Amino acid sequence: MASPLILVAGARPNFMKVAPVLRALASRDHHFAPALVHTGQHYDEGMSGVFFRQLGIPEPDVHLGVGSGSHGAQTARILAAFEERLLAFSTRPRGVVVVGDVNSTMACALAAVKLGIPVAHVEAGLRSFDRSMPEEINRVVTDAVADLLLVSEPAGEENLHREGIPPQRIRYTGNVMIDTLARELDAAKELAVAASLGLSPGSFAYVTLHRPSNVDSPERLEALVGFLEALAQRLPVVFPVHPRTTERLRSAGLAGRLESAAGVRLSQPLGYRESLALMAAARLAVTDSGGVQEETTFLGIPCLTLRRNTERPVTVSAGTNTVVGDDLALATQLVDEILAGRYKRGRQIPGWDGRAAERVVDALVEAWD
Ligand code: UD1
């Protein structure tokens with residue numbers, strides 16, 4: 001009899017990672033009955049619903065509906081609600097698959113292992129070595145309790161070996177997010193999003209900023225607004241604004257200044273395809289997102305990361321990414337290099353080939369079926 005295999009998704013960057021794994025599970029023979037659990041960490045149409053529709057993700061089998069909250073409160077609500085649902089399955093789940101590094105990832109991994117249900121972590125081993133980032137805590141805790149560590153880039157394997165994780169629990173599967181990108185790119189391009197904004201390909205900067213380290217301090221946020229105003233003097237800036245950033249811009253009294261900056265086009269958060277279309281057509285990206293660092297490397301688009309570190313170092317060593325730290329003067333200098341055609345070019349990364357989810361399913365079948 002098939003036993004439930006639970007996949008967890010909670011926040012925006014999870015959805016493009018579960019989509020290819022669910023699809024690969026559906027196309028293969030095994031004894032799992034896959035079930036998707038949505039924790040509800042993200043709940044808005046623009047942060048969740050649109051991703052389900054565009055990526056063809058089935059309706060979740062279970063919706064925990066936890067919503068927003070402080071880290072402790074949100075994590076605790078997910079833990080309690082997920083535990084209850086795991087216990088409610090009439091057949092004991094064979095395993096739980098968590099992806100990425102959000103609060104839902106860590107909370108669901110903990111709930112499962114405490115019930116003795118094995119956990120697989122997709123995107124294991126990434127480390128920024130910066131424990132002031134909530135995601136770093138989530139990564140370290142999830143990897144410490146997971147049974148199967150499925151790694152997306154070379155640094156992940158090195159980190160897990162150094163932490164003493166037995167090699168037989170680690171598999172290099174590659175990057176499932178790139179599976180989704182490769183599958184969706186043509187459909188995204190057909191939307192001609194840049195053209196609908198009156199922008200020609202290669203003529204604009206694509207910006208995403210939402211990390212607490214950038215947006216939660218009014219001083220830092222003001223410096224970033226100044227940087228974007230100056231950037232927009234050089235080329236148009238397209239900036240879909242995350243709800244956290246919208247809220248912080250308002251409370252810092254900076255929203256009006258950014259809205260009226262010449263050359264800056266703000267929007268609500270975009271759907272997956274709209275965002276990908278803009279990224280693929282941009283001259284450069286400015287970001288603090290983990291996913292955008294990887295996606296721009298795959299697409300060969302120059303990326304300036306406004307953070308002090310990255311847990312995805314292959315995007316710097318082999319890709320198109322530069323981590324500029326707090327140094328906005330350095331970012332400006334790199335923009336000059338990019339516009340002058342003097343910026344580095346990246347190369348492709350092993351396992352970022354559109355088939356990572358197949359290898360994830362291989363590992364799950366081998367370990368648990
Ligand atoms: C979360 C993840 C982060 C990821 C980001 C992508 C953690 C610790 N953080 O950060 O790793 O990069 O998602 O988006 O898990 N809100 C809405 N609508 C929603 C969801 C949130 O308006 O659908 C607002 C709420 O006011 C909330 C705030 O955004 O308080 C922040 O949401 P939260 O999930 O706490 O963290 P993110 O900053 O989104």
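Quantities reported herein were computed from a predicted structural model and do not represent experimental measurements. Indexing begins at 1, ligand by ligand and atom by atom, following the structure's order. Along the sequence shown, residues carry numbers from 1.
- From the protein, the heavy atom lying nearest to atom 37 (P) of ligand 1 is H242 CE1, 3.8 Å.
- Heavy-atom contacts of H210 reach the following atoms of ligand 1: 4 (C), 5 (C), 6 (C), 12 (O) (cutoff under 4.0 Å).
- Contacts between H71 and ligand 1, counted as non-hydrogen atom pairs separated by less than 4.0 Å, involve the side chain only.
- Checked against salt bridge (charged side-chain N to carboxylate O under 4.0 Å, His left out), E222 has the following partners two or more places apart in sequence or in another chain: R257.
- Nearest protein heavy-atom neighbour of atom 7 (C) of ligand 1: Q41 NE2, 3.6 Å.
- Close to ligand 1: P13, with a non-hydrogen atom less than 4.0 angstrom away.
- With 3.5 Å as the limit, one finds a donor-acceptor pair spanning the side chains of Q293 and T310.
- For atom 27 (C) of ligand 1, the closest non-hydrogen atom on the protein side is S68 OG, 3.3 Å.
- The R211 neighbourhood of ligand 1 comprises atoms 11 (O), 12 (O), with distances under 4.0 Å to a heavy atom of that residue.
- Regarding atom 11 (O) of ligand 1, its nearest protein heavy-atom neighbour is E135 OE2, 2.5 Å.
- Remark: ligand 1 atoms within the under-4.0 Å shell around heavy atoms of P243 are 16 (N), 17 (C), 22 (O), 24 (C), 29 (O).
- Each of the following atoms of ligand 1 lies closer than 4.0 Å to a heavy atom of M47: 14 (O), 19 (C), 23 (O).
- Using a non-hydrogen distance threshold of 4.0 Å, R244 registers as a contact of ligand 1.
- A salt bridge is defined here as a Lys NZ or Arg NE, NH1 or NH2 lying under 4.0 Å from an Asp or Glu carboxylate O, and R307 with E311 meets this definition.
- Ion pairing between a basic and an acidic side chain is recognised when a charged N comes within 4.0 Å of a carboxylate O; E136 and R139 show such pairing.
- In this structure, the side chains of Y343 and D336 stay at 4.5 Å or more apart for every pair of heavy atoms.
- For P218, the side-chain contact (heavy atoms from CB on, under 4.5 Å) criterion is met by A252, not counting sequence neighbours.
- Counting only N and O atoms by type, the side chains of H42 and S68 include no donor and acceptor under 3.5 Å apart.
- Taking each of M106, H42, R12 in turn, the one with a heavy atom nearest to atom 13 (O) of ligand 1 proves to be H42.
- Looking only at protein heavy atoms, the nearest one to atom 8 (C) of ligand 1 is N103 OD1, 3.2 Å.
- R169 contributes a side-chain N or O that, together with a main-chain N or O of D147, makes up a donor-acceptor pair within less than 3.5 Å.
- Nearest non-hydrogen protein atom to atom 18 (N) of ligand 1 is D44 OD2, 2.7 Å.
- With respect to the salt-bridge test (charged N to carboxylate O, under 4.0 angstrom), the residues E123 and R312 qualify.
- If you check which protein heavy atom lies closest to atom 2 (C) of ligand 1, you get V102 CG1, 3.8 Å.
- The protein atom (non-hydrogen) at minimum distance from atom 19 (C) of ligand 1 is Y43 CZ, 3.5 Å.
- Side-chain rings of Y43 and H38 stay apart, their centers remaining 6.0 Å or farther from each other.
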